[in-house]
Amino acid sequence: MSQARITHIGGPTTLIEVDGWRLLTDPTFDPPGRHYSFGWGSGSRKLAGPAIAVDELPPIDAVLLTHDHHADNLDDAGRALLPRVGTVVTTAAGASRLGGATIGLMPWSVHTLREPGRPPLEITATPCRHGPPLSRRITGDVIGFALRWPGQEHGALWISGDSVLYDGIRQVGGRCEVGTVLLHLGAVQFGISGPVRYTMTGRDGVELCSLLRPRTVVPVHYEGWSHFRQGRAGIESAFASAKADLTWLEIGTPGTLQV
C-alpha cells in the first residue's frame, strides 16, 4: 500500500512527502496584506499568510512550480527559497527566466528524480491554459504535474496547475490514470477583464473529475487571495450537487492519503 503525506500550507502551496521524497508545490510564503501586480492591469491582494513559515520547512528535494510569473504561485519569500532546494521543475519559459539548474518542461515531457536509497519519482508535465482562448500571450505558460512512483495502487498523483477547463487539460484523463488530484480552483476573475475566468469553478472541477474518475480529489488554491471568486462553500455545493466526494485538508495539518 502506497501513501502520501500532504500538508496544505495555503493557496497553491503544498508539501508532499512520499517514499523519502519531499516535494513543495508553488512556494508562497510572504505575509498577508500586500497587493501584487500580475500585469496587463490585473492584480491581487494576499489575504492570508502561510500556515507554516518558510524557515519551518524540512529540507526540500524538489519544488514543482506550475509557473513563476504570478506572485500567488511564487512570491518573494518563495523565490528566495529556490536556491536552497535540490531541484526546481517548471515551464520551459520559466526555466529560462529563473536560470541556474532549473529544469524546464513542455507539456507531456518527463523528468525523473533519482537518489540512492529511494525509488525513482517520475514527473510528467501536463497542459494548462490560464485563461480564455488566445490568452496565453497575456497570461503566460503554465503546467501541471503528474507524479508516478513504484507501488502506487490507484494511479498518478496529479497537481492540476492554474487552468481553465479546456481540451488540453481534458487530455490528462486519456493519457494518465489519475488516482489523486490536487485541484486548483477558485474561479479567478479580475475587474479589468469583467466576467472572463482564469481558473476553474467548482462546476468545471466536477466535469473534469467525471472524465478522470480519480479516487481522491483535494481542492487547493481557492483561498487566501482577493482575486478568487469562489471559495470552499461554492466548491462544496457544486460537488454535492454532482454527488461527488471531496477530501479537504485542514490548512497546516498533514493528511495521509492512499495513492
Side-chain angles (χ1 to χ4, degrees), residues 2-36 44-67 70-82 84-86 88 121 144-145 147 157-162 179-188 199-200 202 205 214-237 239 245-259:
S2 182
Q3 296 181 331
R5 187 173 186 256
I6 302 179
T7 307
H8 186 191
I9 295 172
T13 309
T14 63
L15 175 63
I16 301 170
E17 300 173 274
V18 58
D19 284 349
W21 295 104
R22 292 192 184 102
L23 313 175
L24 188 70
T25 66
D26 288 351
T28 54
F29 290 94
D30 284 357
R34 177 177 164 190
H35 185 274
Y36 299 79
S44 184
R45 184 171 299 280
K46 189 168 187 178
L47 304 177
I52 299 172
V54 68
D55 294 336
E56 297 173 337
L57 291 172
I60 301 298
D61 297 297
V63 164
L64 307 180
L65 180 58
T66 64
H67 57 301
H70 293 154
D72 62 320
N73 297 84
L74 181 67
D75 59 18
D76 291 345
R79 192 176 295 270
L81 171 68
L82 298 185
R84 308 201 302 268
V85 305
V88 179
L121 195 150
F145 301 100
L147 310 181
L157 169 58
W158 179 47
I159 299 103
S160 73
D162 287 7
T180 302
V181 54
L182 303 186
L183 191 60
H184 289 217
L185 294 169
V188 164
T199 61
M200 287 185 281
R215 183 174 187 266
T216 306
V217 180
V218 180
V220 297
H221 211 20
Y222 59 87
E223 46 67 47
W225 291 82
S226 64
H227 61 317
F228 291 125
R229 297 294 183 265
Q230 186 179 58
R232 176 167 175 166
I235 295 166
E236 285 183 327
S237 176
F239 276 79
D245 293 332
L246 294 171
T247 297
W248 295 95
L249 296 178
E250 182 180 349
I251 294 177
T253 301
T256 300
L257 305 180
Q258 306 301 324
V259 293

Student: Should P219 and L185 count as side-chain neighbours, where that means a heavy-atom distance under 4.5 Å?
Tutor: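 The answer is yes, as the side chains (C-beta and beyond) meet within the 4.5 Å cut-off.
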Student: To the nearest 0.5 angstrom, please state how far the CG atom of L121 sits from the CG atom of D61.
Tutor: 9.5 Å
Student: Within this structure, what is the CD-CD distance for the pair Q3 and Q258, rounded to the nearest 0.5 Å?
Tutor: 4.5 Å
Student: Give the intermediate values and the outcome of side-chain contact (heavy atoms from CB on, under 4.5 Å) for residues I159 and V181.
Tutor: CA-CA 6 Å; I159 299 103; V181 54; over 6 Å; no
Student: What's the separation between atom CZ in F145 and atom OG1 in T66, rounded to the nearest 0.5 Å?
Tutor: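 That separation rounds to 6.5 Å.
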Student: State plainly whether the residues K46 and D75 are in salt-bridge range, i.e. N to O under 4.0 Å.
Tutor: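 So K46 pairs with D75 through a salt bridge.
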Student: To the nearest 0.5 Å, what is the distance between CE (M200) and OG (S160)?
Tutor: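 So the gap between those two atoms works out to 4.5 Å.
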Student: Please assess T25 against I16 for the test side-chain contact (heavy atoms from CB on, under 4.5 Å), listing each intermediate value before the final yes or no.
Tutor: CA-CA 8 Å; T25 66; I16 301 170; 4.0 Å; yes
Student: Could you check whether any side-chain heavy atom of V188 comes within less than 4.5 Å of a side-chain heavy atom of Q230, counting everything from C-beta outward?
Tutor: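 Contact flag for V188/Q230 side chains = no.
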Student: Could you give the distance from CH2 (W225) to NE2 (H35), rounded to the nearest 0.5 Å?
Tutor: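 One finds 9.5 Å between CH2 of W225 and NE2 of H35.
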Student: Could you check T216, L23, T14, V259 and say which one makes a side chain to side chain contact (heavy atoms under 4.5 Å, CB included) with I6?
Tutor: T14
Student: State, with a plain yes or no, whether a side-chain heavy atom of I52 is found less than 4.5 Å away from one of T7.
Tutor: yes
Student: Determine whether L183 and Y222 make a side-chain contact, defined as any pair of heavy atoms from C-beta on separated by less than 4.5 Å.
Tutor: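 Not in contact.
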Student: Using side-chain heavy atoms (C-beta onward) and a distance below 4.5 Å, is I60 in contact with P27?
Tutor: no
Student: So which atom in R5 and which in P254 form the shortest heavy-atom distance, rounded to 0.1 Å?
Tutor: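 Closest pair (atom of R5, atom of P254, distance): NH2-CG, 3.4 Å.
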Student: Suppose we screen for side-chain contact (heavy atoms from CB on, under 4.5 Å). Which residues come up paired with I251, at least two apart in sequence or across chains?
Tutor: H8, A51, E223
Student: Check step by step if side-chain contact (heavy atoms from CB on, under 4.5 Å) holds for S226 and F228.
Tutor: CA-CA 6 Å; S226 64; F228 291 125; over 6 Å; no
Student: Where is the tightest heavy-atom contact between F29 and V54, given as atom of each residue plus distance?
Tutor: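 Smallest heavy-atom distance, with atoms named: CD2-N, 3.6 Å.
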Student: Nearest 0.5 Å, please: how far is NE2 in H70 from OH in Y36?
Tutor: 14.0 Å
Student: Taking the side chain as every heavy atom from C-beta outward, state whether T180 and T247 have any pair of such atoms under 4.5 Å apart.
Tutor: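 No. Closest side-chain heavy atoms not under 4.5 Å.
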Student: Do we get R232 above W248's six-membered ring, with its NZ or CZ under 6.0 Å from the centre and within 45° of the axis?
Tutor: yes
Student: In a check of side-chain hydrogen bond (donor to acceptor under 3.5 Å, both in side chains) between T28 and each of D76, N73, D72, T13, which one passes?
Tutor: T13
Student: Could you check whether D162 and T199, counting side-chain N and O atoms only, form a donor-acceptor pair closer than 3.5 Å?
Tutor: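 Note: T199 and D162 side chains miss the donor-acceptor criterion.
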Student: In chain order, what residues pass the salt bridge (Lys or Arg N to Asp or Glu O under 4.0 Å) check against D19, with sequence neighbours excluded?
Tutor: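 Once residues adjacent in sequence are excluded, D19 has no partner under the salt bridge (Lys or Arg N to Asp or Glu O under 4.0 Å) criterion.
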Student: Test side-chain contact (heavy atoms from CB on, under 4.5 Å) on D26 and L65; report intermediate values, then the result.
Tutor: CA-CA 5 Å; D26 288 351; L65 180 58; 3.6 Å; yes
